[in-house]
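All residue numbers in this chain count up from 1 along the given sequence.
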Amino acid sequence: MRAGEGAVGLDPELLPVLSGRRELVAWMVLAFLTTFLATRFVTHAIRSGRGPFRDASVGGVHVHHEVYGIFLLLGSGTAEFAYRPGGGWGSLLAVLFGAGAALTLDEFALWLHLEDVYWSREGRSSVDAVLIALVIGVLLLIGANPFDADRSAGEGVVALTLLVNLCAALVAILKGRVVLGVVGVFVPLVAVLAALRLARPTSPWARRRYPAGSRRAARSRQRFPPGRRNRWDALVDLFASVPHGTRPRTATPTEPDPEHTR
């Protein structure tokens with residue numbers, strides 16, 4: 001038997017061509033995912049009191065890792081706009097931008113609450129933000145870009161299609177179907193189907209358009225009862241679960257630790 005016979009081959013045309021813009025997206029997504037996983041590993045170790053890792057502080061003030069991420073985003077973004085480097089330098093900026101985005105989004109909950117809720121229930125929104133950003137990166141990597149639509153039908157038709165799709169995606173997000181809404185920006189049919197479905201009872205859409213005692217409000221509560229979990233919640237649990245270590249805790253279960261234990 002000749003070498004290679006009987007092996008399962010992959011048609012190169014079925015794989016995304018990692019060149020040009022898509023190559024930069026690949027480096028950005030890889031850096032984003034790697035940095036997020038490394039950050040969660042380190043913060044779990046700090047929280048558990050394991051390993052050599054410690055919280056960073058300057059003059060007694062704790063420095064959140066989103067600060068490093070903000071500087072990376074500012075630096076890499078400025079360099080990209082100012083110099084437009086190609087080749088390896090462009091890939092390096094994509095890596096730095098992806099790493100900065102991961103560090104910043106990993107503390108997304110701090111943006112919303114302006115307090116340290118990293119290991120609290122509210123802190124789960126940080127993992128939501130990271131995973132949604134990762135979904136967007138993967139969709140861009142495989143070429144699902146809504147702004148690369150075929151313009152053979154005319155720019156007016158393309159613009160109208162994009163507008164309708166973005167409106168449908170916005171409605172889906174307002175109905176509490178954030179993941180489907182974000183995916184729907186890149187896959188039009190998903191946005192439309194999500195926009196037509198029932199809103200979650202705690203969503204902005206339900207609070208405004210489902211009056212108390214109405215049939216739609218009752219259906220929404222029945223469809224999404226308190227404590228209902230789905231596959232997305234299980235995925236978030238992998239990264240948002242609070243590690244149990246030996247480090248003492250002084251805060252109540254509903255309050256963040258004043259010493260910012262991470």
Side-chain angles (χ1 to χ4, degrees), residues 10-47 51-59 61-112 116 118 123 125-149 179 182-183 185-187 235-236 238-240 260 262:
L10 292 177
D11 186 350
E13 295 183 358
L14 298 179
L15 301 176
V17 179
L18 297 181
S19 61
R21 182 176 60 184
R22 196 171 293 181
E23 180 183 2
L24 296 178
V25 173
W27 281 115
M28 183 177 64
V29 172
L30 179 61
F32 183 91
L33 178 60
T34 302
T35 303
F36 169 65
L37 294 176
T39 301
R40 283 284 158 169
F41 172 80
V42 171
T43 53
H44 271 70
I46 294 175
R47 169 79 184 207
F53 307 107
R54 296 293 183 270
D55 287 331
S57 61
V58 177
V61 177
H62 173 74
V63 181
H64 292 262
H65 54 262
E66 72 167 348
V67 175
Y68 307 112
I70 291 172
F71 280 114
L72 281 175
L73 290 176
L74 290 174
S76 59
T78 300
E80 169 62 25
F81 285 119
Y83 301 107
R84 299 284 183 178
W89 288 109
S91 299
L92 176 61
L93 289 182
V95 169
L96 295 178
F97 188 90
L103 290 171
T104 307
L105 286 178
D106 189 57
E107 293 198 308
F108 175 75
L110 190 149
W111 307 3
L112 301 180
D116 185 8
Y118 195 82
S125 60
S126 295
V127 181
D128 287 329
V130 167
L131 294 179
I132 289 173
L134 186 60
V135 168
I136 294 174
V138 171
L139 288 172
L140 289 173
L141 182 60
I142 64 178
N145 189 340
F147 299 102
D148 282 344
V179 178
V182 170
V183 174
V185 172
F186 301 87
V187 187
L235 181 60
V236 173
L238 294 176
F239 306 102
H260 180 74
R262 286 189 307 169

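- Looking only at side-chain heavy atoms (C-beta outward), Ser57 and Val63 stay at 4.5 Å or farther from each other.
- Distance OG1/Thr35 to OH/Tyr68: 14.5 Å, rounded to 0.5 Å.
- Residues meeting the side chain to side chain donor-acceptor pair (under 3.5 Å) test with Trp111, sequence neighbours left out: Glu66.
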If you look only at distance, which donor and acceptor atoms sit under 3.5 Å apart when one is on a side chain in residues 92-105 and the other is two or more places apart or in another chain?
unit_1	atom_1	unit_2	atom_2	d
Thr104	OG1	Ile70	N	3.4
Thr104	OG1	Gly100	O	2.8

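- With a 4.5 Å cut-off on side-chain heavy atoms, Phe36 and Phe239 count as touching.
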Mind running side chain to side chain contact (heavy atoms under 4.5 Å, CB included) on Leu141 and Arg22 for me, showing each step along the way? CA-CA 6 Å; Leu141 182 60; Arg22 196 171 293 181; 4.0 Å; yes
Sequence neighbours left out, cut at 3.5 Å: what donor-acceptor pairs do the side chains of residues 125-137 make with other protein atoms?
unit_1	atom_1	unit_2	atom_2	d
Ser125	OG	Glu122	O	2.9
Ser126	OG	Asp106	O	3.4
Ser126	OG	Phe108	N	3.1
Ser126	OG	Ala109	N	2.8
Asp128	OD1	Trp232	NE1	2.8

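- Between the side chain of Thr43 and the backbone N or O of Arg40, at least one donor-acceptor pair lies under 3.5 Å.
- Taking all atoms of both residues into account, the shortest heavy-atom contact from Pro85 to Trp89 is CB-CB, 3.6 Å.
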